[in-house]
Amino acid sequence: MEFVKEFRNKGYAVVFISHKLQEVMHIADRIIVMRNGQISGILKKEDTNEKELSRLMIGKEIAPIEMTARKYKGTMLEVKDLTVFSKQGHKALNSISFNIEKGEILGIAGVSGNGQQELGETLSGLHEQINGKILLDDIQIESFTVRECIESGIGYVHADRHTAGLVLDMSLRENLLLKNSYNKNWSRKTVIDNNKLDTYSREIVENYSVKTSGIDSPMKGLSGGNQQKVVLGREVSIGEKLVIFDQPTRGLDLGAIEYVHRTILAERDKGKSILLISTELSEIFALSDRIAVLYNGRILKIMEKKDATTEEIGMLMAGITKEQTNEA
Amino acid sequence: MKHNAKDLILSTLLSVFAGLFVSGLLLLFLNKNPLIAYGKLFSFLFRDGYTFAEIFVKATPLIFTALAFAFTFKASLFNIGAQGQFYMGAVTVLAVSQLFGDRVSSLIALPIIFLSSFIAGGLWGAMVGYFKARFKANDFLVSMMSVYIALAFMNYLLRTVLIESKREYPQSDPIAEKLFMPVLVNGTRLHIGFILAVIIAILCWFLLYKTTIGYRVRVVGQNPVAARFAGISAGRVSILAFFISGGLAGLAGFTEVNGVQHMLVQGFNPSIGAEGIGIAILANANPIGIIFGSLLFGALKVGGSILGQTSGIPSSIIELMEGFVMIFVILSYYFRRKIELRRNIHSLMNRKSL
């Protein structure tokens with residue numbers, strides 16, 4: 001820190017990139033706030049404060065959607081002291097614990113890169129370097145492979161649908177087979193059951209009103225929103241117990257966003273557990289029953305939505321807990 | 001889709017033409033008229049039944065080596081080592097055939113020999129896949145280098161345990177006559193191996209496009225990240241794809257030893273591996289297209305060697321021609337990709353502007 005200041009005092013220009021508001025307030029003369037690749041504010045340090053910065057970081061507010069009261073009882077997912085090591089060996093998630101009830105949406109708020117992706121991937125069986133316990137419907141799943149996670153009813157809508165969720169050069173129907181290729185229901189002695197796959201594909205196209213010229217048309221020809229509907233359809237039918245949505249509306253237009261939101265709520269009302277990861281705080285507020293804030297691999301706080309304020313969550317997203325603000 | 005098929009046919013014709021053109025230039029240096037030479041080449045093919053049947057004889061092993069390259073290509077893996085897997089298959093079928101001698105009915109022996117060639121080539125190929133999966137070894141380099149090991153291994157055996165009874169040349173004794181593959185048309189060398197190759201090509205198509213195994217091979221080839229998220233192990237797929245690929249090349253050993261040569265000669269058919277790569281790319285790795293691509297190359301070979309014998313044109317001209325055609329075909333593949341990409345961008349732009 002002091003080095004950066006000295007460097008500046010010598011007359012050099014410094015670009016300092018951080019999501020830690022305290023650091024920024026400490027070091028910067030001018031501050032540019034960026035969100036989703038766009039500039040959402042340019043301010044002088046003297047004229048601003050951490051609250052304003054966090055508000056700019058979060059973005060616009062949208063009116064919350066009507067949510068019905070929860071109808072289901074019992075816990076679906078229990079995560080205890082989960083630590084996940086990244087490939088480089090540092091802790092991407094640091095002993096986090098939470099649970100999700102049946103028919104509940106837990107929103108994970110946070111600036112991206114604070115362990116969200118690792119959380120979604122770990123619950124889908126993609127990480128092996130983990131400590132702690134994960135229980136799905138009272139079954140221990142922390143050592144499950146990706147295939148076992150799919151088989152035990154976990155759907156995962158990945159933040160990056162193009163690379164992780166779809167094979168763009170394949171047809172719509174072949175993309176619907178993607179996570180089911182080991183499932184005996186879809187093939188007879190390894191020969192793909194095309195009748196069944198066709199029926200299922202038409203169902204998805206109809207139920208999710210996917211705009212396409214046909215189930216054999218290549219995936220890359222569909223618009224972003226329609227591609228996401230296909231992913232949604234597939235993951236929702238795989239995720240009979242838990243569906244993880246990581247940035248489910250990123251890059252979509254307003255109509256598609258609304259569609260995705262309604263789908264998420266409908267799945268909740270069927271009694272599934274939903275883990276909703278989003279950097280859009282408005283989305284978290286609109287859909288969650290409870291909200292957890294992930295910062296630097298730790299869950300700083302979990303609260304009921306009715307007790308949560310955008311201000312507090314915005315500060316938590318920047319790593320500032322209430323105690324710290326009181327001290328200051 | 002329609003556009004792509006049109007591109008494919010057009011670019012293939014263009015690259016064959018370009019190959020003929022460049023090698024035609026070399027004919028001009030010899031004071032020969034390329035057009036007349038090519039005209040002769042074409043007419044030779046229909047000279048008599050024997051010659052015409054030879055096209056299919058020459059195409060048979062090419063179908064197998066081309067399928068071998070195509071199968072791993074679908075998984076974005078490169079099996080450059082079909083030549084070596086072919087030799088492994090050839091050595092194995094010879095050894096098994098010698099073991100059987102004329103003691104066993106050909107109805108029992110031939111299927112076993114068939115299987116042995118597939119397994120021998122397959123295991124030699126699977127080794128490449130295993131190194132790729134286990135050590136992240138470069139499949140291209142390992143498969144390429146494995147050819148030389150296989151070649152040396154075959155030569156070693158041909159100079160020791162498999163050498164002919166006279167112990168004069170590095171070649172084996174002929175196999176028992178009842179183990180020859182049945183001839184389809186009397187008076188020609190055309191054997192049932194060609195039918196077998198066509199059936200295997202169709203089976204390959206079925207495996208790739210109609211089964212979950214082939215589906216996973218293609219998923220890994222087109223998007224390995226999505227494959228990982230779908231629980232598909234790229235390592236396992238690479239071992240399996242290389243096993244099947246090597247097995248297909250091994251089958252060429254079966255058709256060449258039991259169908260054509262009826263013995264093993266040191267370093268025979270030295271270029272079918274490389275030609276297979278060219279054919280597979282010519283056919284865009286489509287198993288059915290490979291049948292036709294192989295027939296084209298078969299025809300070039302047959303017509304070319306007669307041309308060499310009759311017109312005083314060195315037959316190496318034909319090899320040059322094959323080589324040029326292959327290089328142009330490979331080049332056209334990248335042009336096609338570029339054209340396709342540009343078309344996709346265009347259609348995206350048009351949609352945005354609407």
Side-chain angles (χ1 to χ4, degrees), chain A residues 120-121 124-126 144-151 154-171 173-194 197 213-214 216-224 231 234-235 238 246, chain B residues 1-5 73-76 136 202-237 240-241 244 284-286 333 336-337 340-354:
Chain A
E121 289 179 359
S124 310
L126 283 140
F144 273 21
T145 60
V146 178
R147 217 167 117 183
E148 286 168 322
C149 284
I150 292 170
E151 279 158 11
I154 299 176
Y156 181 20
V157 178
H158 195 276
D160 191 346
R161 60 176 170 272
H162 282 173
T163 53
L166 293 168
V167 183
L168 290 173
D169 283 322
M170 284 189 168
S171 67
R173 61 196 282 283
E174 283 187 305
N175 270 284
L176 286 171
L177 186 64
L178 187 56
K179 294 203 176 173
N180 297 313
S181 78
Y182 289 103
N183 190 328
K184 295 270 186 299
N185 290 331
W186 295 96
S187 58
R188 253 177 270 132
K189 291 191 175 131
T190 80
V191 178
I192 298 165
D193 188 341
N194 274 321
L197 185 58
S213 48
D216 284 313
S217 54
M219 208 61 207
K220 65 182 169 199
L222 270 65
S223 71
V231 175
R234 185 185 67 209
E235 299 305 325
I238 288 169
D246 190 355
Chain B
M1 220 48 202
K2 235 181 180 176
H3 279 301
N4 292 351
F73 192 64
K74 286 288 176 196
S76 280
K136 291 201 166 69
I202 295 169
L203 280 179
C204 275
W205 174 84
F206 186 83
L207 185 65
L208 275 172
Y209 293 98
K210 298 289 169 189
T211 67
T212 50
I213 295 170
Y215 174 77
R216 286 195 284 268
V217 166
R218 288 184 296 122
V219 169
V220 169
Q222 298 191 356
N223 189 345
V225 179
R228 197 167 69 90
F229 279 89
I232 299 169
S233 147
R236 222 176 302 165
V237 164
L240 182 77
I244 293 173
N284 209 13
N286 179 315
Y333 176 80
R336 228 158 48 222
R337 286 277 289 265
E340 195 194 334
L341 200 70
R342 202 173 295 162
R343 187 176 297 131
N344 285 343
I345 292 169
H346 254 280
S347 67
L348 270 175
M349 303 267 261
N350 288 341
R351 202 168 53 202
K352 283 255 167 72
S353 63
L354 281 177

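Sequence lines set the chain letters: A, B, ... in the order given, protein chains first and strands last, and positions in each chain run from 1.
For the pair A/Arg234 (side chain) and A/Asn175 (backbone), a donor-acceptor distance under 3.5 Å is present. Distance alone, capped at 3.5 Å, is enough to place a donor-acceptor pair between the B/Arg218 side chain and the B/Leu208 backbone. Side chain of A/Asn183 to main chain of A/Asn185: a donor-acceptor pair is present (N/O by atom type, distance under 3.5 Å, no hydrogens or angles). Judged by distance alone, with hydrogens and angles left aside, the side-chain atoms of B/Asn223 form a donor-acceptor pair with the main-chain N or O of A/Thr163 at under 3.5 Å.
Contact annotation for A/Thr145: neither backbone nor side-chain heavy atoms come within less than 4.5 Å of a heavy atom of chain B. Of the two parts of A/Tyr182, the backbone and the side chain both hold a non-hydrogen atom closer than 4.5 Å to a non-hydrogen atom of chain B. Contact of B/Leu207 with chain A is not made at all, since no heavy-atom distance falls under 4.5 Å. Interface remark: A/Ser181 contributes backbone and side-chain atoms alike to the contact with chain B (heavy atom separation under 4.5 Å). With a 4.5 angstrom heavy-atom cutoff, A/Ile150 touches chain B only via side-chain atoms. Residue A/Asn180 does not touch chain B at all, counting heavy-atom pairs closer than 4.5 Å.
Counting only heavy atoms from C-beta outward, the side chains of A/Leu177 and A/Glu174 never approach each other to under 4.5 Å.
The aromatic rings of A/His158 and B/Phe229 lie perpendicular to each other, with more than 60° between the two planes, well past the 30° mark.
With chain A as partner, the option from B/Ser233, B/Ala226, B/Gly214, B/Pro224 having the largest number of non-hydrogen pairs under 4.5 angstrom is B/Ala226.
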